[in-house]
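Following: one structure in structure tokens, then a few remarks.
We use all heavy atoms of the structure for the numbers below, so side chains are in, but hydrogens, waters and symmetry mates are not.
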Amino acid sequence: MESLLFQLLNGLASASTLFLLASGLSLIFGVSRIVNFAHGSFYMLGLYLACSLANGLTAYDPQLAVSAYWGAILASSLLVAALGLLIERGILRRLYDAPELMQLLASFALVLLLRDATLALWGAEDRLGPRAPGLEGHFTILDRRFPVYDALLIAIGPIVLVSLWVLLTRTSWGHCVRAASEDRDMSALLGVNQPRLLASVFALGSALAAFAGALQMPREPAHLALDLHAVGDAFVVVVVGGLGSIPGAFLASLFIGLTKALCAWAGDVNILGVDLSMPKLTLVVEFVIMALVLMIRPWGLLGKPLTAARLRHQPDTAPQDLSKTQSSLIAAAIVLGVIAISYAGSNDYGLILGVDAMLMVMLAASLHWMMSAAGLHSFGHAAYFGAGAYAAGLLSLKLKWGFFASVLMAPFVAAALAMVFASACIRLSGVYLAMLTLAFSQIIWSVIFQWDALAGGSNGLVGIWPEGVFAERRYFALLVFVLLVLSFFAIRRAQQSYWALALRAARDSPLRLQAQGLSPDALQWFAFVSAAWLAGLAGALFAFSKGSISPDLLSISRSIDVLVMVLLGGLQSLWGPLWGGLSFTGLQDWLARDWSYWRAMLGLMLLGIIMLLPGGLSAMSGSKAFKTS
């Protein structure tokens, strides 16, 4: 029982940090409705700044250790709040009227910028902060020691909760925040200064994230991977608690923190001869909780249904037939592509990069089809890409199936996986749908990551190569090119069909569609599964092109990359995945080879495209023949 008690206390300390991080994100979303991926970057910056300031001030005068430690925490929170204010005023304020997915792309660009800025300032090495002066000790509970600093963290969470409650319910500023979270337009008509309110909310949310990070100085080192890890945890807490609900975030933090603690404790327990080893479940238990909550209560524990969470769409139009000139240009491009691949050397770097780009275009096309026609938005589409890759690898290595048989079967494995999740996902919309897809993706990633016997665990699988004529890279590239062309042809035919019209009706007016006797669920279910099938095909080909696969294929970062490709190309054009996939892959390769801080350069380019071309790169065509919705 002593070990259980101490695991629960550790869970409470972690829950307090989760709440500090998630409360800022919930506050920002509640007012601005921005899904801010950069929130984890503020957490990371808070820890880096606090470590540097505390170490520097202590080295200057060791007698100032106490004031240096707490002063560093306060100063880092204020500095990050100022940075958040500048970002809101300079970038995000220009995007409040833009589609929410473009706001998401802008926040991802900020993640890239802030990560490379951190790399330039502090380097790639981990940074260690000092222990809290006067709180290095412990106290004894049931003959076991518990750190004093962790007990302080447990107390800080409720203190911040009460402080936020007083601020939001007992001050005029808090009343304005609550009014804006309910109806921002109406609060503006009543005289609330919206720009000033949004800026102050963003600054406060950024300060809370930095405060949560700075408090971790004695517990973990500052490193560059903290941003996406922290924002993933924050999103889970916010969605489980209810978007915009501070008490919901606190309740969700407690629930997730204590559940993870119980999983860690169960690893040392054996009851009646049954081994309850569950420590590895801590990798994914929060996503399991999120999936269960969203399936039972789609708007979270204490949240409310948000009609505003639905994403904006352009007016519904059907794709027009291509003109003779456009058809001729496409035919010429296909012929030139075949010629270029046929005369390329097998070890030509351009050919290798071209295969990678084509597979990324195919993957982006699968997500684009699901998003543009059906309005189903996913943060976890890489799960089906990885499922196709692992299915092809296992069929080839374990069952000794040939190349063609493995590639043909793998997409159906990915589609079967999507069938399991589709019914739960299509019941939701907007951010809730995207987060549920993320939860399912992380569950699959956890299974693959820990299944050493079958999937190779974190090491993945190696030795997955095509045989016969396709062992030569040129012929393999020709096969990928042909399948990519056929995929675009099939998607275009689908976009021109009555099925696509019904899908757009289900996306834009589901009640009217039901009144006409059609079920939107069946239409969207099939769109979800067909998109997973195409992603699985891309994954199977990717496995054979690289010869090896790893769990990174199913990671959050891979899903974000695919989403960026779709948004970069533009949702309103059939050719958006082509422009987005080619440009993102090419830019990433070029910048990574020639620039030390390539992420920052890519982030700046993304921000420039968002500001100048909010419809994506395909908007430059300006042709109605390319419109899909």
Strictly under 6.0 Å, is that where the ring centroids of [X] and [Y] end up?
X	Y	value
Phe440	Phe287	no
Phe403	Phe544	yes
Phe29	Phe235	no
Phe404	Phe470	yes

**Asked** Is it the case that His381 and Ser366 place a side-chain donor and acceptor less than 3.5 Å from each other?
**Response**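 A donor-acceptor contact under 3.5 Å links the two side chains.
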
For the side chain of [X] and the backbone of [Y], is there at least one donor-acceptor N/O pair under 3.5 Å apart?
X	Y	value
Ser550	Gly460	no
Ser372	His368	yes
Thr585	Leu582	no
Ser406	Gly402	yes
Ser396	Gly393	no
Ser107	Asn36	no
Gln450	Ser446	yes
Asn55	Leu128	yes
His377	Gly375	yes
Arg127	Trp122	yes

Which heavy-atom pair separates [X] from [Y] by the least distance, and what is that distance?
X	Y	value
Met605	Leu587	SD-CD2, 3.6 Å
Val236	Met435	N-CE, 4.3 Å
Trp369	Ala494	CH2-CB, 3.9 Å
His39	Ile28	ND1-CD1, 4.1 Å
Pro551	Tyr390	N-OH, 3.1 Å
Ser583	Leu568	OG-CD2, 3.3 Å

Could you tell me the separation between the [atom1] atom of [X] and the [atom2] atom of [Y], rounded to the nearest 0.5 Å?
X	Y	atom1	atom2	answer
Trp465	Phe476	CH2	CZ	9.5 Å
Ile444	Tyr384	CD1	OH	8.0 Å
Leu578	Met362	CG	CE	12.0 Å
Ile87	Phe42	CD1	CZ	4.0 Å
Ser487	Leu534	OG	CG	4.5 Å
Leu95	Ser32	CG	OG	11.0 Å

Side chain proximity check, [X] to [Y], heavy atoms < 4.5 angstrom:
X	Y	answer
Phe488	Arg493	no
Met371	Leu376	no
Leu574	Ile491	yes
Leu367	Ser378	yes
Gln495	Arg504	yes
Phe584	Leu602	yes
Leu554	Gln442	no
Ile91	Leu86	no

**Asked** Is a salt bridge present between Asp227 and Arg115, judged by a nitrogen-to-oxygen distance below 4.0 Å?
**Response**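 Salt bridge: yes.
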
**Request:** Begin from the C-alpha positions of Phe202 and Leu85 and carry the test side-chain contact (heavy atoms from CB on, under 4.5 Å) through to its verdict.
**Result:** CA-CA 7 Å; Phe202 201 89; Leu85 185 64; over 6 Å; no

**Request:** Please report the C-alpha distance between Leu438 and Ser559 in whole Å, then the side-chain angles of each, then the deciding distance to 0.1 Å, and finally whether the side-chain contact (heavy atoms from CB on, under 4.5 Å) criterion is met.
**Result:** CA-CA 9 Å; Leu438 174 63; Ser559 292; 6.0 Å; no

**Prompt:** Do Arg558 and Phe542 meet the cation-pi criteria used here (NZ or CZ under 6.0 Å from the six-membered ring centre, within 45° of the axis)?
**Reply:**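 That pair qualifies as a cation-pi contact.
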
**Message:** Using the rule side chain to side chain contact (heavy atoms under 4.5 Å, CB included), only one of Val80, Asp233, Leu25, Leu21 pairs with Tyr43; which is it?
**Reply:**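 Answer after filtering Val80, Asp233, Leu25, Leu21: Leu21.
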
**Residue that, paired with Ile34, satisfies side chain to side chain contact (heavy atoms under 4.5 Å, CB included) out of Leu92, Leu198, Leu104** =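 The option that passes is Leu92.
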
**Request:** Kindly indicate, with the supporting measurements, whether the criterion side-chain contact (heavy atoms from CB on, under 4.5 Å) is fulfilled by Tyr432 and Leu436.
**Result:** CA-CA 6 Å; Tyr432 294 112; Leu436 184 57; over 6 Å; no

**Message:** Quick one, Leu83 with Leu114, criterion side-chain contact (heavy atoms from CB on, under 4.5 Å). Give me CA distance, side-chain angles, the key distance, then yes/no.
**Reply:** CA-CA 11 Å; Leu83 176 64; Leu114 293 175; 4.1 Å; yes

**Request:** Mind telling me whether Phe412 and Trp533 have parallel, tilted or perpendicular rings, with 30° and 60° as the class edges?
**Result:**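 Trp533 and Phe412: perpendicular rings.
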
**Prompt:** Should the heavy atoms of other residues, nucleotides or ligands under 6.0 Å from OH of Tyr475 be counted, would the total exceed 12?
**Reply:**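 For Tyr475, atom OH is not crowded (no more than 12 foreign heavy atoms under 6.0 Å).
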
